[in-house]
Structure formats: structure tokens, C-alpha cells
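Data first, discussion second: the structure below is written as C-alpha cells.
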Amino acid sequence: MKGHPGSRNPSVFALAGVALLACILAFASPVGAQSAGHKFGRGLADVTTGVLELPGNAMVETEKHGAAAGVPIGIAKGLGMIVSRELVGVYEVVSAPFPVPAGYRPPISPEYPWSYFDRTPRHARGERRSPAPRG
């Protein structure tokens with residue numbers, strides 16, 4: 001049996017090569033630059049690990065206000081940010097091929113949900129906390 005009529009046509013191979021090269025150039029970017037692939041990965045991370053907003057915000061607010069006020073405030077903020085993080089993640093996955101916002105910048109901060117845990121606590125940086133009010 002004979003193969004597909006165009007299977008040995010050199011123009012088919014040339015077209016496939018050009019398409020492959022276009023894909024490689026579309027996703028190639030300088031190290032550290034924002035790109036469509038980076039945006040897609042960031043969106044996927046937001047969708048799958050958005051729940052990290054809860055402990056992340058609790059930790060940040062506890063550093064700011066102490067445990068008594070920081071934990072409830074952080075939990076409330078975290079619950080709201082889980083919804084935001086998930087929706088932004090879906091948006092970024094769907095719109096990954098398009099440079100919106102300009103330069104594929106992250107629309108939410110921090111860029112990744114686990115970035116809350118990369119921070120150095122204030123007391124480790126040498127900053128002193130004011131003592132808790134007594135009363």
C-alpha cells in the first residue's frame with residue numbers, strides 16, 4: 001500500500017519545519033523575562049495552589065499586628081484572596097498567548113502564592129517589635 005499522497009512531498013517537511021521554528025521563537029525569551037509560557041505556568045500555579053493565600057495572609061498580618069489581631073485579619077483576607085487568586089489563575093491560563101497586561105506582568109501580588117513564605121521575618125532582619133500593650 002502506498003502512503004498518504006503528500007507524505008513524501010518536500011514542501012510538507014519545509015512547512016512543518018517553519019511551523020516548529022515559529023513555535024520555538026514564540027516561546028523563547030531572555031532569562032528572567034516574562035513570556036506566554038511563564039504566564040501560563042503562573043496561572044496554573046494560581047489555580048492549583050491558591051489555598052496558600054490563607055496561611056500566607058495570616059502570617060503577614062501576624063507580623064504586622066501580632067497574633068491576637070493578625071490571625072483573624074489574615075484569615076479573613078486569605079479567604080477573600082483565595083477567590084481572587086483562583087480567578088486570576090483561570091484568566092492567566094486562558095489569556096496566556098496574549099501579552100495582556102503589557103509585558104505579561106502579573107496582575108496580582110505576590111506573583112506566586114508561595115511567595116509569602118520566602119520573606120524574611122522582621123525579627124530576623126534585626127528590626128525590633130514594639131512590646132504588646134499591657135492592660
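Computation of the quantities below employed the complete heavy-atom set of this structure, encompassing side-chain atoms and omitting hydrogens, waters and symmetry-equivalent molecules.
- None of Leu54, Ile108, Val88 except one satisfies the side-chain contact (heavy atoms from CB on, under 4.5 Å) rule with Met81; the exception is Ile108.
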What verdict does the side chain to side chain donor-acceptor pair (under 3.5 Å) test give for His38 and Glu111, after you've listed the backbone C-alpha separation in whole Å, the side-chain angles of each residue and the deciding distance to 0.1 Å? CA-CA 11 Å; His38 187 91; Glu111 186 172 4; 2.8 Å; yes
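- The two residues Gly89 and Asp46 have their closest heavy-atom pair at CA-CB, 3.5 Å.
- With a 4.5 Å cut-off on side-chain heavy atoms, Lys64 and Val60 count as touching.
- Residues Glu61 and Val71 form no side-chain contact, since every pair of their non-hydrogen atoms from C-beta on lies 4.5 Å or further apart.
- Between Pro113 and Thr49 the shortest side-chain heavy-atom distance falls below 4.5 Å.
- Put simply, the side chain of Tyr116 does not reach to within 4.5 Å of the side chain of Leu52, judged on heavy atoms.
- Nearest heavy atoms, Ile82 versus Gly50: CG1-O, 3.5 Å.
- Taking each heavy atom of Val90 and Val47 in turn, the nearest pair found is N-CG2, 3.5 Å.
- Listed by first and then second residue, the ring pair (Phe, Tyr, Trp, His ring centres under 6.0 Å) pairs that reach into residues 93-115 are Tyr112-Trp114, sequence neighbours excluded.
- Counting only distance, with no hydrogens or angles, the side chain of Lys77 and the backbone of Pro72 share no donor-acceptor pair below 3.5 Å.
- Among residues two or more places apart in sequence or in another chain, the ring-ring contact (aromatic ring centres under 6.0 Å, His included) test is passed with Tyr91 by none.
- Met59 places a side-chain heavy atom less than 4.5 Å from the side chain of Phe117.
- Here the shortest heavy-atom pairing between Glu92 and Pro107 reads OE2-CD, 3.0 Å.
- Counting only distance, with no hydrogens or angles, the side chain of Lys39 and the backbone of Gln34 share no donor-acceptor pair below 3.5 Å.
- Between Pro97 and Ala36, the shortest heavy-atom contact is CA-CB, 4.3 Å.
- A heavy-atom distance below 4.5 Å is not found between the side chains of Ile75 and Asn57.
- Transitive grouping of hydrophobic side chains (ILVMFWY, heavy atoms separated by less than 4.5 Å) brings Leu79 and Val51 into a common cluster.
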